[in-house]
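Whatever order the structure lists them in is the order used to number ligands and atoms, beginning at 1.
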Amino acid sequence: MSRSDKFDEVRKLFPATEKLAYFDGGARALLSVNSRKALDELLDARIYEGGDKPAMMDLIERVRAKFAKLINAAPDEVAFTKNVSDGLNSIAGSIPFEPGDNMVLSADLEHPNNIYPWYNIRDRVGIEVRDVPSKDGQIDVDAMILAMDERTKIVTCSTVTFSPGFRTDVPKLGKACRERDVFLLVDGVQSCGTLKTDVEELQVDAMAVSTQKGLQSLYGMGFLYCRKEAADGLRPERLARFGVNLGEDTHEAATGDQAFDFMPGARRFEVGNYNFPGAAATEPALDLMLELGPDAIEERNCSLARRLASGMHQLGLPVCGDLDDPLRTHLVTIGEMDLNNHEGAGNGELGALFDHLWSNGVRLSIRRGVLRFGIHFYNNNDDIDRVLDLTRQWKEQAKAA
Ligand SMILES: Cc1ncc(COP(=O)(O)O)c(C=O)c1O
């Protein structure tokens, strides 16, 4: 089967694609029927038999290993979390900050969930938050590197910004952080599952994601990757039994000596029992992503995004960024950025286009005043052409009015 036939086959697993041109993966991606089947099986076992804990724990370890494979990490480098914020806060709370230390971010383009944890530590511990302005809608990695000094403990950024959706040059930042022994924590939620997100290539120490976006699963679950050597040097801020190493085959309700060791790697960050339904729904999505391969997924998503961006540009719409910018992604945004506007498009005309698309079965979002189309591999050329045809129609109607 050719690669494009394979993607056509896969699209059938997402029934919403039959009626919608779904481009809202930047908020939450579509869920496949395979995820529902896995959830049904888990719930049936729970409803009719009370639930099989060893089987549920096996599920957790399978999902851990599969996510680790997707991002090119080892299973011990992956912890289960609740969402992006939970993973970011786990790392933020475990860094041994002292008053007078600093951290670096670019608040213009970060999601608030990767800003407030740092303001909180600033106010609790007395660190400085060094906020580096963005440049042309992109995170200015060179300026972030210049902002580091010998008191910098951590740098954070998104692998892809939630709006306007450009890639950050994380490998460059990662290299600079390693040279200076500074921790690099990324919010990977806008690239994981949609673009190849290889933690070794990116040279990050930790990455937080949640599962409802590119990973095509439910709200309420996430993963925290933490490089083993980096994790082993951290004392988790919160601790429970699964974060303590009592040796293999020791019961989950066992307590050891008062002196204890943390679990190796990222497992030390796990607090209490798992979101088993979340894991069940995520497993088939990871299976699909591993089968298709992150390179092929990225190529498909970015080529569909290029078709949409150039089509919109030809129709005279203000597509964000240069069409041939190598930092373009599967997110296509249109309009003028307005940092405080998440509801309406800053430009009233684009608000009308949003309404026209929405009422004709297109799903997308508005973030920071721009229309945001988030492409995933269940999309195809017909979806793109539907948006372009509707936009052309809207323009003609507006001209005639
Ligand atoms: C870049 C980014 N980070 C974080 C979040 C959300 O964080 P959480 O998973 O903690 O709700 C979003 C979107 O919801 C996002 O786009």
Side-chain angles (χ1 to χ4, degrees), residues 23-31 67 71 78-93 105-120 134 137-139 144 155-170 173 184-195 197 202 204 206-226 238 269-271 275 278-279 281-282 285 301 305 320 327 329-333 337 339-343 363-376:
F23 290 108
D24 210 7
R28 59 197 164 278
L30 291 177
L31 209 58
F67 178 71
I71 62 165
V78 171
F80 282 77
T81 59
K82 206 166 72 161
N83 46 39
V84 175
S85 312
D86 193 25
L88 296 173
N89 272 279
S90 276
I91 296 294
L105 52 56
S106 185
D108 283 353
L109 296 183
E110 284 309 313
H111 190 278
N113 292 353
N114 195 19
I115 298 175
Y116 286 110
W118 309 108
Y119 291 168
N120 189 31
S134 57
Q138 298 180 354
I139 291 184
M144 287 180 91
V155 172
T156 189
C157 68
S158 295
T159 50
V160 169
T161 59
F162 75 100
S163 188
F166 291 97
R167 225 184 263 267
T168 306
D169 190 351
V170 179
L173 193 54
L184 177 58
L185 167 65
V186 294
D187 174 342
V189 77
Q190 291 293 355
S191 74
C192 224
T194 40
L195 304 176
T197 304
L202 295 174
V204 299
M207 175 171 77
V209 302
S210 52
T211 53
Q212 77 274 13
K213 301 184 196 288
L215 292 175
Q216 300 179 342
S217 187
L218 301 180
Y219 281 103
M221 197 178 98
F223 296 106
L224 171 64
Y225 158 79
C226 190
R238 297 171 297 169
F269 296 113
E270 288 182 351
V271 186
N275 178 347
T282 304
N301 292 348
C320 295
L327 298 179
T329 64
H330 62 294
L331 295 176
V332 176
T333 47
M337 285 276 284
L339 298 187
N340 290 312
N341 185 359
H342 301 288
E343 297 299 334
R363 294 292 172 266
L364 69 160
S365 31
I366 296 175
R367 287 293 182 280
R368 297 193 157 157
V370 298
L371 306 191
R372 181 182 69 183
F373 296 84
I375 286 156
H376 217 327

Evaluate side-chain hydrogen bond (donor to acceptor under 3.5 Å, both in side chains) for T81 paired with D86, printing each intermediate quantity in order. CA-CA 6 Å; T81 59; D86 193 25; 4.6 Å; no
Would a distance-only check, ignoring hydrogens and angles, find a side-chain to backbone donor-acceptor pair under 3.5 Å from T194 to H376? no
Ordered by chain then number, the protein residues lying under 4.0 Å from ligand 1 by heavy atom are N83, V84, S85, H111, N113, F162, D187, V189, Q190, S210, K213
Among residues at least two apart in sequence or on other chains, which ones pass side-chain contact (heavy atoms from CB on, under 4.5 Å) with T197? S191, C192, L202, M207
Pair R368 + D108: basic N to acidic O under 4.0 Å: no
Got C226 and L185 here, is their nearest side-chain heavy-atom distance under 4.5 Å? no
Report yes if some heavy atom in the side chain of I139 is under 4.5 Å from a heavy atom in the side chain of T161; otherwise report no. yes
